[in-house]
Each structure stands twice: as structure tokens, then as C-alpha cells.
**Q** 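The structure that follows is given in the form of C-alpha cells.
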Number of protein chains: 4
Amino acid sequence: MLTINRLNQSEAKLIIDGAVTKAKEFGIPMCISVVDESGNLIAFERMDGGKIHSITLSQDKAFTAASARKGTHIFNQVCIPGHENNLFGIHTALGGRMCIVGGGLPIFYKNEVVGGIGVSSGSPEQDLGCAQAGVDTFSRISS
Amino acid sequence: MLTINRLNQSEAKLIIDGAVTKAKEFGIPMCISVVDESGNLIAFERMDGGKIHSITLSQDKAFTAASARKGTHIFNQVCIPGHENNLFGIHTALGGRMCIVGGGLPIFYKNEVVGGIGVSSGSPEQDLGCAQAGVDTFSRISS
Amino acid sequence: MLTINRLNQSEAKLIIDGAVTKAKEFGIPMCISVVDESGNLIAFERMDGGKIHSITLSQDKAFTAASARKGTHIFNQVCIPGHENNLFGIHTALGGRMCIVGGGLPIFYKNEVVGGIGVSSGSPEQDLGCAQAGVDTFSRISS
Amino acid sequence: MLTINRLNQSEAKLIIDGAVTKAKEFGIPMCISVVDESGNLIAFERMDGGKIHSITLSQDKAFTAASARKGTHIFNQVCIPGHENNLFGIHTALGGRMCIVGGGLPIFYKNEVVGGIGVSSGSPEQDLGCAQAGVDTFSRISS
């Protein structure tokens, strides 16, 4: 039997709150998804004005980050055509559910992934900034 | 009437065992899929800690390799935008089921494809190394 | 933080072995899937002669049972058109991934679902019989 | 290693010809698909005037019949809501690729399934009649 740590609902809400605070600083209404360590959605918020396509995109970013245990922007850096040993092509896997656009981050607890956050509606930098703010919030409450 | 050779279940298990042994050498828990010559799944194992997205990705690598009769990393080398006579775009075919990321290999028997193996959760080199270990295992038991 | 119990790979293999033994009693080669408590595939075996459509169907049965925490045949009993308060229509949810055909069972450990098994290729009774054999095997090894 | 018998292309063409002859008797232009024993398409013909939706439907009928090793109309008879041990719900499996409408038949050779035929554009009886004509053609050429 394996024993797995997983974000709970109240933690997920606080993580989203952290991302929302940063989104307000940017002045950009975002879609924010938090998934558990298995990639299943725990909480979602579309701030008033968040973009429609970002509903799915934020979920896919969170899923990808939690599953791959790395930021989605890291994938983007190694997803370049014509390099045999990089990951070009992974961005279309799983019917496109794999997302390599910046804005998804894994959430670690005691060196294990316990969930992921995905943010979408701004630029990849802004999305990543908000995702990082969510991760930072979790670091504060879990330490 | 055609007569087709196809991996059986016990061969599939041994192939997976070969890949698992290599994965343990790498210290990376992998998802490993073995399909038959028609691309249909015969056996699958997610080692404890194998990544969620690799469940599908390993199956798609095995499917692509068995169907195309070449390693998925070979596709990657010729999937480059702007080259009229190469294969750019094939990575999005079949809803993304075609996978050009390294880690999928066909399994040959008497110069015919009898199945395929797909490995995912490490780097493309590590995935390919484990897939090759599976192929090597089959070569030993079938010769 | 939640703490989750989850089947590991060696338990999944023993569960499949239990189902395979029963399938051999029936004389019917089966497809057998074991998923974790999040519905993600851990292990799969297509016995030689198992049906092609059962590859997906066994996974969907295991997914549905683990997620819903009940046998898929239970859903079937309450999936009847024209009864306002039953579940007719759930069988088409998730692109048809929800499966109400008998042969899927949740796997419990200390009153919590830790995974699911799905069996397909025989009649619903035979599929359910093999799934139950898998569950019984787990009960023996985990008590 | 398994040894599998599979329809070849010239057999598939003759099977389609048999179905086309019957369709002309009915005066109904049909879509006719022949798949191999793994459910993969070998040959397809849309007679002039065959219906658009029947392109996919004939393929799904052939797939279902070959995989399940029985006629699709047989499934229809046991796919009734509220009967615990029948197969209600299987018609929506595999994203609806499982097809229980009459007109799909397996093709046997020496007691093993070597392929399937699916016909669509008429009534289920007409579709089944054409599929049977295709099967009968194969029986004549293979005996």
C-alpha cells in the first residue's frame, strides 16, 4: 500500500487566493485551477473577466505540472523541432491536454508533489507569476 | 488469408520486466506499455511513482512505433517545420495519438513487426534506454 | 493535507492474477485493468484472446468503480429511462468513459477506496465474477 | 508467439462486392466497411448516394462485430435498461465507437474471427442483409 499526501480543499482555496492577489496587482482577471497530485481538479476560479479558453487551459497547465512535476514553461524550453533527444511533440499528446505554455507549476510538500496550479488569461510571464504566487502562499501556510 | 505473428502475454510480461530492470538502474519509475502488431494494448505497468500523463504517452509511443515500424525518436528527427518533404505535422495526427517523442520502439521477429513497446516518465534518452532493454529481452528469449 | 492510501504495483499484479485464475476457470480470456483511487491505470493485462474493445472497456469499468465507489452493475440497476430520480444518462457522461456494464468493482482497504478493478470480454456475470476474484485476492493479502 | 489469421485485401474486396450486389437488389446505396480481426480498416466503399454518417457508422459496426465476435444486432437484443446482467450501457462505450445497431457481422475462418463487415445507410434489416451477403461471399471463396 502506498501512502500519498494530497492538497485539501482549504489549502487549494488559499493557493487560489494567493494567485488572485497577484492577478489583481497585474490588473488581469485570470482563470486559476488547482489539481491534486493525480491531476484531478480540486478547485477552480474564473475571476470576473477571465477568458473562456483559459478555463480548459488553466486545468491543463495544472494537470501537466502536477503530473510531470515541473513547470510547464520548462517543457516549452525543451520542446524544439529537430532535436532528437528533447521533447518536441509532447505538447500535442493526450489530445492536447499536455500543456507546455508557461503558467503551470507543481506544488511540493516534503519533496513530493501534492498538487499543481495552472493560471491562464495573461501573458505566459503573468500567468507564471500568478502561479508562483499561489505556490508561495502554500509554502507559507505549510511550513 | 494473411498469417500474422503477434506477441503473446507471457512475452509481453518479459519485455516489460526487461524495461523495469533498466528503469531501476536509472532510478526512475516508468510507465511501460506493450502493444501487439495492430497497436492494441497487451500489457501495461505503472511502476510505483510513474507519472500520470505517461500512462497514455507510453501507450501512444508503443502504438506509433508498432504501426510505423520505427522508433518514435526517428520521427522526431524528421518532424521539422518548413521542410516540404519531411513529416512535420504528423505529431498531431489521430488526435495526438501519433507520438514522436523518444521512448517507443517496434519489436521485430523474423523481420516482421510483432508488437511495440513504449516507455515514459524519464528523459527521452532514459525512456528509449528502457524501451531498448525491453526489446533486448525479447531478442534473447526469441532467438 | 490529506493522506491517501493507494494500491501499489505488486498488489495490482496479485489482484490481476486473482482475476486471471477465475477467467481460466471460466475458459474465457479476459482484459483486466487495475486503477488507483484516482482512476489512473496501474496495471493491465490482455490475456491471449481477450477482446479488443475490452481494452478500453475494462479500464472504464475500473475507473467508474473506483470513482463512484460501487460496482458498475449497481449503476446499471438504476440507469432506467423515465425515472426522474435515478441515474439514466450517466452512462454517456465523460465521453462514455462512465461504464455501467457489470465487471467493475471498487477495492476497499480500511473502509476507503484504494483502487478499482475492471474486467471485460465475457458476459457481465463472468466479468463480475473475475473482478470479484481480484477483490477477494486483495482481501486475503491485505488482512 | 501467437499466429493469427487475417483477411487480405483481395478477400476484403470480394466481401464488399457481395454486399454491393445485395444493396443493388435492395436499391439502396450503402456504405460498407471491412476490418481485420483487430478492428482496423482494410477496405471501404461508399456506393454513389451512400449516406455521410454511414461512413463512420459502418466502420464502427465492423469494428464492434470483429472485436465482440458477434453480430451488432445481437448486442441490441441484450442492451435493455434495468436488466442487471445484460449489456445496457455498452452502446456508449469507447466514445460511442461500440455500435449495437444491426448491420455488423464478424467474419469467421476455421472457427476464428479473421475480420468484420459493417454496412450502413438502409434499415437495420437491410444493412444486416447486405452484411450477411458479404459474409456468404467469403464463405464461398474460403471453402
Side-chain angles (χ1 to χ4, degrees), chain A residues 1-7 33 35-42 56 59-72 74-100 104 106-108 110-116 118, chain B residues 28-31 33 46-65 68 70-83 86-104 118 120-129:
Chain A
M1 191 68 47
L2 303 175
T3 306
I4 307 290
N5 287 315
R6 172 178 295 170
L7 290 177
S33 294
V35 301
D36 66 21
E37 91 302 331
S38 291
N40 291 318
L41 193 64
I42 303 176
T56 299
Q59 293 182 43
D60 290 348
K61 287 179 183 179
F63 167 83
T64 302
S67 178
R69 300 163 197 161
K70 66 182 84 167
T72 50
I74 305 294
F75 269 112
N76 203 304
Q77 295 164 15
V78 291
C79 193
I80 304 167
H83 289 64
E84 179 182 340
N85 291 320
N86 78 9
L87 288 164
F88 184 72
I90 204 167
H91 57 306
T92 57
L94 284 63
R97 194 177 180 200
M98 290 297 288
C99 181
I100 65 163
I107 298 171
F108 285 92
K110 295 182 178 173
N111 296 319
E112 288 193 350
V113 170
V114 293
Chain B
I28 298 182
M30 296 285 194
C31 289
S33 294
R46 176 157 57 108
M47 295 168 69
D48 293 330
K51 293 172 183 171
I52 300 303
H53 72 270
S54 297
I55 297 169
T56 299
L57 206 52
S58 66
Q59 293 183 43
D60 291 349
K61 287 180 181 178
F63 168 83
T64 301
K70 66 182 83 169
T72 51
H73 61 292
I74 306 294
F75 270 111
N76 202 306
Q77 294 167 17
V78 291
C79 194
I80 303 168
H83 289 63
N86 80 5
L87 289 164
F88 183 72
I90 203 167
H91 58 304
T92 57
L94 283 65
R97 194 176 180 202
M98 292 295 290
C99 182
I100 65 162
V101 180
S120 177
S121 280
S123 70
E125 294 91 339
Q126 291 165 328
D127 293 349
L128 179 56

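First the proteins, then the strands, lettered A, B, ... as listed; each starts at 1.
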**Q** Are B:Met30 and B:Asp127 packed together at the side-chain level, in the sense that at least one heavy-atom pair is separated by less than 4.5 angstrom?
**A**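 Contact flag for B:Met30/B:Asp127 side chains = yes.
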
**Q** Looking at A:Glu112, I'd like to know if its CD atom is crowded, meaning that more than 12 non-hydrogen atoms belonging to other residues, nucleotides or ligands lie closer than 6.0 Å.
**A**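 At most 12 heavy atoms, drawn from other residues, nucleotides or ligands, come within 6.0 Å of this atom.
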
**Q** Side chain, backbone, both or neither: which part of B:Cys79 has a non-hydrogen atom closer than 4.5 Å to chain A?
**A**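 Looking at B:Cys79, backbone and side chain both touch chain A.
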
**Q** Name the region of A:Arg97, side chain, backbone, both or neither, that has any atom closer than 4.5 Å to a heavy atom of chain B.
**A**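 The answer is neither part of A:Arg97.
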
**Q** Of the listed residues (A:Ser38, A:Gly39, A:Ala66), which shares the most heavy-atom pairs with chain B below a 4.5 Å separation?
**A**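 Top option by heavy-atom pairs under 4.5 Å: A:Ser38.
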
**Q** Specify which of B:Asp48, B:Ile90, B:Ile52, B:Ile80 makes the most heavy-atom pairs with chain A at under 4.5 Å.
**A**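 Among the listed options, the one with the most contacts to chain A is B:Ile52.
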
**Q** Which pair of non-hydrogen atoms, one from B:Cys31 and one from B:Ser58, has the smallest distance, and what is that distance?
**A**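 Smallest interatomic distance, heavy atoms only, reads O-CB, 3.6 Å.
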
**Q** Run the ring-ring contact (aromatic ring centres under 6.0 Å, His included) test against B:His91 and tell me which residues pass, sequence neighbours left out.
**A**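 For B:His91 the ring-ring contact (aromatic ring centres under 6.0 Å, His included) partners, ignoring immediate neighbours, are A:Phe88, A:His91, B:Phe88.
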
